[in-house]
2 protein chains.
Amino acid sequence: MRWSEIDTIPCPVAQAMSAIGDTWSMLILRDALRGATKFEEFQRATGASRAIVADRLSHLVEHGVFTREKYEDHPPRYAYRLTPRGRDLQPVLMMLSHWAEEHLRKSPSDKPLRLSGRRHTTCDHAFTPVITCSHCGEAATPDTIIYDVPRHVAVKR
Amino acid sequence: MRWSEIDTIPCPVAQAMSAIGDTWSMLILRDALRGATKFEEFQRATGASRAIVADRLSHLVEHGVFTREKYEDHPPRYAYRLTPRGRDLQPVLMMLSHWAEEHLRKSPSDKPLRLSGRRHTTCDHAFTPVITCSHCGEAATPDTIIYDVPRHVAVKR
DNA sequence: GAGGGTTAGTTCAGAAAACAGACTTACACA
DNA sequence: TGTGTAAGTCTGTTTTCTGAACTAACCCTC
């Protein structure tokens with residue numbers, strides 16, 4: 001199995017990762033959600049090489065996560081803007097950040113990291129994300145969720 | 001900037017991706033959350049080469065996402081089990097799946113994919129995950145969230 | 001009008017990493 | 001003696017990445 005064949009796996013996690021690309025793409029998405037739109041902004045903020053940034057941006061455009069709009073003709077200059085599909089990745093990045101803040105302290109005795117203050121404008125309070133059930137509104141914690149996994153994908157026990 | 005230096009970036013997204021590893025690690029996590037514990041199970045389910053599986057598993061053990069327990073001495077056999085830190089990645093994987101199911105249909109006219117039925121045992125209904133605010137309990141959609149990003153990380157506008 | 005800054009890339013060679021497939025070890029069962 | 005299972009390691013090729021230089025066209029300052 002090659003990287004390039006990952007998109008053939010019939011699984012939403014594999015499909016999602018295939019569309020996003022890799023860690024550099026994640027960092028580019030993070031910066032886009034913070035407001036970055038220009039090539040140079042992405043390059044500076046991620047610290048990745050120019051070739052990587054060019055490659056990942058075109059991958060993300062191909063997969064409908066960004067649009068590439070010319071905002072100047074001579075010389076050609078482009079703005080990369082998140083599509084609705086791209087903006088919908090915000091919850092994924094937020095949960096990832098939340099996980100890191102909870103778990104990735106430097107030493108076990110450290111307090112949880114709080115690198116980014118997250119504020120809910122509806123109630124104007126700092127908060128942490130809580131996943132709830134679209135049907136009953138109660139918390140959907142890992143132990144209250146079961147999956148009906150298609151038989152051909154299921155792991156043999 | 002090298003891959004190996006990603007963990008030096010003071011950003012929870014970078015830290016999280018550094019701890020997780022890459023797409024193969026994501027697939028390994030997916031399988032672990034489905035109940036896989038053995039090397040061979042991970043190898044079959046992900047389709048990655050044995051070297052990749054061995055490498056990613058040891059990476060994840062190093063980062064406290066899995067434990068490696070010997071369950072047989074001769075010959076040595078190991079079970080990989082998720083730690084609490086690893087289990088807490090479940091919401092991340094769930095949001096990623098949800099995004100793929102909503103957005104990655106084969107053609108624009110297709111209905112959203114529903115590859116895995118997600119059921120909430122509290123109310124016994126199929127559901128989609130909704131992120132809410134830990135303070136007021138209302139939906140925390142991207143447009144109702146603002147970040148207080150530390151100045152040294154902020155993108156210049 | 002010379003020089004520097006900005007923006008969005010492309011190109012190149014050498015270095016690093018990923019990868020498939022074969023191999024190893026060791027037991028169980030027939 | 002042979003097949004199956006399990007958990008890797010090893011090897012040599014293939015692919016990707018890095019870092020630096022280069023292009024190109026405009027703007028601004030001196």
Side-chain angles (χ1 to χ4, degrees), chain A residues 1-9 14 17-18 20-28 31-32 35-62 66-81 155-157, chain B residues 1-9 14 17-18 20-28 31-32 35-62 66-81 155-157:
Chain A
M1 171 83 58
R2 302 270 170 94
W3 244 100
S4 49
E5 304 164 40
I6 269 199
D7 60 340
T8 65
I9 304 175
M17 290 312 295
S18 158
I20 293 172
D22 66 353
T23 298
W24 296 121
S25 304
M26 287 281 191
L27 298 186
I28 286 173
D31 296 323
T37 60
K38 295 177 184 173
F39 184 93
E40 295 283 318
E41 286 175 342
F42 291 116
Q43 206 254 310
R44 253 199 315 276
T46 60
S49 75
R50 311 181 67 75
I52 294 287
V53 176
D55 182 79
R56 297 305 187 278
L57 279 173
S58 74
H59 176 92
L60 289 164
V61 168
E62 227 172 83
F66 280 98
T67 56
R68 183 170 181 262
E69 293 160 24
K70 190 180 279 187
Y71 67 86
E72 199 183 288
D73 270 325
H74 295 288
R77 294 282 173 263
Y78 301 95
Y80 294 88
R81 292 183 200 289
V155 172
K156 241 188 312 180
R157 300 310 308 279
Chain B
M1 172 81 59
R2 302 269 169 92
W3 243 100
S4 49
E5 304 166 39
I6 268 197
D7 61 339
T8 64
I9 305 175
M17 291 311 296
S18 160
I20 294 172
D22 67 353
T23 299
W24 295 122
S25 305
M26 287 280 190
L27 299 185
I28 287 174
D31 297 322
T37 61
K38 295 178 183 172
F39 184 94
E40 294 284 318
E41 287 175 341
F42 291 116
Q43 207 254 308
R44 255 199 314 277
T46 59
S49 76
R50 311 182 68 76
I52 293 288
V53 176
D55 181 80
R56 299 305 188 277
L57 279 173
S58 74
H59 177 92
L60 289 164
V61 168
E62 228 172 83
F66 281 100
T67 55
R68 184 171 182 261
E69 292 161 23
K70 189 178 278 186
Y71 67 87
E72 200 183 289
D73 271 326
H74 294 289
R77 295 282 174 262
Y78 302 94
Y80 294 88
R81 291 183 202 290
V155 172
K156 241 187 310 179
R157 302 309 308 278

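From a predicted model like this one, the values you see are computed outputs, not experimental measurements.
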Does B/Phe42 reach a base, just sugar-phosphate, or nothing at all? Heavy atoms under 4.0 Å.
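B/Phe42: no heavy atom of the nucleic acid under 4.0 Å.
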Candidate nucleotides [options], ranked by approach to the side chain of [X] - the nearest:
X       : options               : result
B/Glu40 : D/dT9, C/dA8, D/dA6   : D/dA6
A/Ser49 : C/dA8, D/dT18, D/dC17 : D/dT18
A/Tyr80 : D/dA6, D/dT18, C/dG9  : C/dG9

Do any N or O atoms from the side chain of B/Gln43 and from the backbone of B/Phe39 form a donor-acceptor pair under 3.5 angstrom?
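Not at all, since once roles are kept as given, no pair shorter than 3.5 Å links the two residues.
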Is a side-chain donor or acceptor of A/Ser25 paired with a backbone partner of A/Ile20 at a separation under 3.5 angstrom?
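Present.
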Determine the minimum heavy-atom distance between A/Lys70 and A/Pro76, stating which atoms define it.
CE-CB, 4.1 Å
With a 3.5 Å cut-off and just heavy-atom distances, do the side chain of B/Arg50 and the base of C/dA20 make a donor-acceptor pair?
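When only heavy-atom distances are counted, B/Arg50 does not reach the base of C/dA20 through any donor-acceptor pair under 3.5 Å.
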Assess whether one donor atom and one acceptor atom, taken from the side chain of B/Arg77 and the base of D/dA7, lie less than 3.5 Å apart.
no
Expressed as a whole number of angstroms, how long is the span from [X]:[atom1] to [N]:[atom2]?
X       : N      : atom1 : atom2 : answer
A/Phe39 : D/dT23 : CZ    : C1'   : 14 Å
B/Glu41 : D/dA7  : CD    : C1'   : 13 Å
A/Ile28 : C/dG9  : CD1   : P     : 12 Å
A/Glu72 : C/dA8  : CD    : P     : 9 Å
B/His59 : C/dA17 : NE2   : C1'   : 15 Å
B/Lys70 : C/dT25 : NZ    : C1'   : 14 Å
B/Arg44 : D/dG4  : CZ    : C1'   : 12 Å
A/Tyr78 : D/dA24 : OH    : C1'   : 13 Å

Under 4.0 Å from OP1 or OP2 of [N]: is there any side-chain N or O of [X] that close?
X       : N      : answer
A/Arg56 : D/dC17 : yes
B/Tyr71 : D/dA7  : yes
B/Trp24 : C/dC19 : yes

More 5' along DNA chain D: A/Asp55 or B/Ala51, using each one's nearest nucleotide?
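Mapping each residue to its closest nucleotide by heavy atoms, the 5'-most match is B/Ala51.
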So which one's nearest nucleotide on DNA chain D is more toward 5', A/Ile52 or B/Pro76?
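Whichever sits nearer the 5' end wins; that is B/Pro76.
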Honestly, is B/Arg77 close enough over B/Tyr71, meaning NZ or CZ under 6.0 Å from the six-membered ring centre and within 45° of the axis?
no
Quick one: on DNA chain C, does A/Lys38 or A/Glu5 contact a more 5' nucleotide (nearest heavy atom)?
A/Lys38
Interatomic distance, A/Tyr78 atom OH to A/Leu57 atom CG [nearest 0.5 angstrom]:
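So the OH of A/Tyr78 and the CG of A/Leu57 are separated by 13.0 Å.
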